[in-house]
Each structure stands twice: as structure tokens, then as C-alpha cells.
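Before any comments, here is the structure.
Per chain, numbering begins at 1; letters A, B, ... match sequence-line order.
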Amino acid sequence: MPELPEVEMFRRALEEGATGRKLRQLKVYDAKVLRCQETQLVEGLVGHFFHPPQRIGKYLFVPFSSGQVLLIHFGLTGSLAFFDEAEDPPRFTRVAFLMESGNHLAYVCPRKFGRLDIGPDVQSLQKARQLAEDAYTISWEDFEHHLGQTRRMVKTVLLDQSVAAGVGNWIADEILFQAKIYPERRVADLSAEEKRRIFEKMKEIIQTALAVEGDYEALPAQFLIHRRGWTQASPAFCENCTGETEYIKVGGRATYFCGVCQKKPG
DNA sequence: CTGTTTGTTTGCCG
DNA sequence: TCGGCAAACAAACA
């Protein structure tokens with residue numbers, strides 16, 4: 001589920017529903033999702049108040065009144081949900097944050113690929129995760145610098161969170177489709193103009209996805225995302241050129257592109 | 001039963 | 001040192 005737009009929705013829900021509230025108890029149902037010791041979480045968080053969360057890429061950073069910062073990553077299937085204090089937590093809740101009063105918070109993660117961690121500040125956690133600036137706010141200068149002159153495939157580099165944080169598999173495909181660039185092109189072979197086009201499309205696509213609050217169904221019909229079979233309208237052909245949607249694996253990841261618009265270099 | 005998956009890390013090989 | 005690749009993590013779904 002979660003790429004940048006959905007994680008931003010979780011951030012907003014958390015800001016709205018938890019800020020200023022006191023954590024009374026932490027319930028760890030499955031310690032596999034902890035990147036730290038459970039005792040560290042308890043000492044750093046329990047009895048303290050939630051401050052407004054910050055998002056960088058697909059990670060949430062939740063400062064507490066103790067000064068410690070909770071790090072939340074969602075893996076492939078993670079989410080946050082509030083649940084009534086009188087009820088059981090939702091299915092696949094791995095950690096529950098029991099509040100002093102009112103609704104409780106659940107970290108739900110069916111496949112357990114997500115992780116929670118804790119640290120003294122946002123910067124050190126960001127550095128430890130080798131996380132670049134957020135893809136939505138990163139400057140052209142920094143983005144171009146992080147791209148560098150590597151021989152790696154452009155799609156692989158876009159997925160690299162140390163280049164621009166938050167670009168996931170569908171956004172990477174969407175960027176390259178809209179910028180009309182074949183996913184296996186080498187970054188070092190891209191022209192300055194092509195790199196700039198990638199940057200502009202990255203911003204534009206994220207902005208569009210945020211505007212519809214991460215609802216894929218509501219994205220414009222010409223978006224490539226509708227050809228992954230995730231949405232109601234799942235056309236097999238490109239709206240621009242009627243080219244057929246092609247499927248390959250790039251870096252082990254499912255990759256969709258238009259065989260006509262995204263010309264393979266001869 | 002098989003093969004697929006919106007993410008990340010680790011280790012191997014050329 | 002670089003870059004591709006497979007595996008591992010775990011569970012749902014077709």
C-alpha cells in the first residue's frame with residue numbers, strides 16, 4: 001500500500017488524532033516489527049505526550065514530550081488505525097498505543113515488513129536510514145546531485161531512497177511513463193533535459209496524488225497506474241498513442257511501460 | 001499446489 | 001568499487 005501519498009495521509013490522521021495526547025501503555029503483539037528493544041520504546045514513549053508528526057519519504061517521525069522520536073515505516077502493507085478503547089484492536093495489529101483517554105492507536109502490519117524504531121532526533125534517524133530529502137520538497141540541485149553519473153538503470157535509481165525519499169514502485173513507473181523514458185536507460189546516458197523532465201514529473205505526480213488524498217481511483221485517466229490492474233478502469237492501451245502496455249522486471253520489481261512512448265535505446 | 005505483490009536489507013557473483 | 005541479482009522477511013490472493 002504505502003508510497004509517499006498514503007504515508008502523508010497517515011501523517012495527517014496521526015497529527016489530527018494523537019497530537020497532545022498522552023501514551024499510557026504500549027502493547028507489542030509481535031516484536032518482529034521492532035527494529036529496537038521493546039524496553040527502549042517503553043522508556044522513551046510511555047507516560048509522554050505525542051507531538052505533531054513529520055514525514056520524510058515513506059517514513060513518519062513522531063516526536064514525544066520525552067524528547068525521543070518514534071520512527072514508523074510501513075513496509076508493503078502497513079497502516080495506522082484508531083480503535084475504540086472498549087474494543088479489540090484491528091486484525092494484524094502488531095503494536096497498540098493505548099492512550100490515557102479516548103481512542104487508541106494501532107500499528108497494523110499484516111505482512112510484518114514494516115518497522116518501528118526510536119531515536120534521539122529526526123536527523124540521526126534519517127541519517128541512519130540513509131534517507132534523502134523528501135521527493136516532494138527536494139530541490140532540483142540536490143536531486144540532480146544525488147542522481148550523479150551512475151551506470152545504474154534509471155528506475156532502480158528512482159527507487160533508491162537516498163536519491164529522493166518517497167518514490168515507490170508505481171510512482172517510479174508513472175514518472176518514467178510521463179517523462180517518456182525507458183526504465184532501463186542508464187542514468188549516465190540521460191540528457192540534462194531528460195533529467196529535468198524526470199524531476200518535474202516527480203513533483204507533478206506527487207502533487208496530483210496528494211490532491212486526491214492518495215485515492216488511486218481518482219487519478220487522471222491517462223495515468224499509467226490504471227494499467228496495473230489496481231483500479232476499476234484497467235485499459236490495456238496507452239491513451240496517447242494506443243501503444244500496448246508492456247511488463248518487465250527491473251531490479252526484481254514489476255515494471256509497466258508504454259512500448260511506443262518509452263522508446264528503448266537502439 | 002504455483003506464482004504474484006505498492007519495501008528494504010544482505011550477501012553473492014562477475 | 002560497481003551493479004545486477006536472488007533471497008529473506010510474511011501473508012493474502014488468484
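The gap from the P atom of dA8(C) to that of dT2(B) amounts to 15 Å, rounded to the nearest Å. A gap of 24 Å separates the P atoms of dT6(B) and dG3(C), to the nearest Å.
Close to dT9(B), at under 4.0 Å from its OP1 or OP2, lies a side-chain N or O of Arg129(A). Checking the phosphate oxygens (OP1, OP2) of dG7(B), no side-chain nitrogen or oxygen of Gln161(A) falls inside 4.0 Å. Residue His73(A) places none of its side-chain N or O atoms closer than 4.0 Å to OP1 or OP2 of dG7(B). Checking the phosphate oxygens (OP1, OP2) of dT5(B), a side-chain nitrogen or oxygen of Tyr247(A) falls inside 4.0 Å.
Distance CG (Leu158(A)) to P (dT6(B)): 15 Å, rounded to an integer number of Å. Atom CD1 of Ile206(A) and atom C1' of dT6(B) are 14 Å apart (whole Å). Following rounding to the nearest Å, Leu159(A) (CG) and dT6(B) (P) show an atom-to-atom distance of 10 Å. Computed from coordinates, the Tyr59(A) OH to dT8(B) C1' distance equals 7 Å when rounded to whole Å. Put simply, CZ on Arg115(A) is 11 Å from P on dT10(B), counting in whole angstrom units.
Counting non-hydrogen atoms under 4.0 angstrom, Phe74(A) reaches nothing in the nucleic acid. Counting any heavy atom pair closer than 4.0 Å across all strands shown, Thr150(A) reaches sugar-phosphate atoms only and no base atom. Residue-level contact check: Gly252(A) touches neither bases nor backbone, having no heavy atom under 4.0 Å from any strand.
Relative orientation of the Phe83(A) and His104(A) rings is perpendicular, given thresholds of 30° and 60° on the angle between their planes. Below 30°, between 30° and 60°, or above 60°: for Phe74(A) and Tyr107(A) the angle between ring planes is between 30° and 60°, a tilted geometry.
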Exercise. Reading DNA chain B 5' to 3', what string of ( ), [ ], | and . shows its pairs, if Watson-Crick and G-U wobble pairs count only when both distances fall under 3.5 Å?
Worked result: .||||.||||||||
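How far CD1 of Ile198(A) is from CD of Glu144(A): 11.5 Å, rounded to the nearest 0.5 Å.
Residue Gln123(A) qualifies as open at atom CD: its count of foreign heavy atoms under 6.0 Å is 12 or below. By the 6.0 Å contact criterion, CD on Glu244(A) is open, its count of non-hydrogen atoms from other residues, nucleotides or ligands being 12 or less.
The base of dT6(B) is not paired with the side chain of Arg228(A) by any donor and acceptor separated by under 3.5 Å.
For Arg185(A) and Tyr182(A), the positive end is not near the middle of the six-membered ring at less than 6.0 Å and at most 45° from its axis.
On the nucleic acid side, DNA chain C has its first and last nucleotide under 4.0 Å of a heavy atom of chain A at dG3(C) to dA12(C), going 5' to 3'.
Checking Thr255(A) against Lys249(A) by side-chain atom types alone, no donor-acceptor pair falls below 3.5 Å. Tyr216(A) and Trp170(A) are linked by a side-chain donor-acceptor pair at a separation below 3.5 angstrom, with hydrogens and angles left out of the test.
Shown here for Ser162(A) and Gln130(A), the closest heavy-atom pair between the two residues is CB-O, 3.2 Å.
In this structure the side chain of Val122(A) reaches within 4.5 angstrom of the side chain of Ile56(A), judged on heavy atoms.
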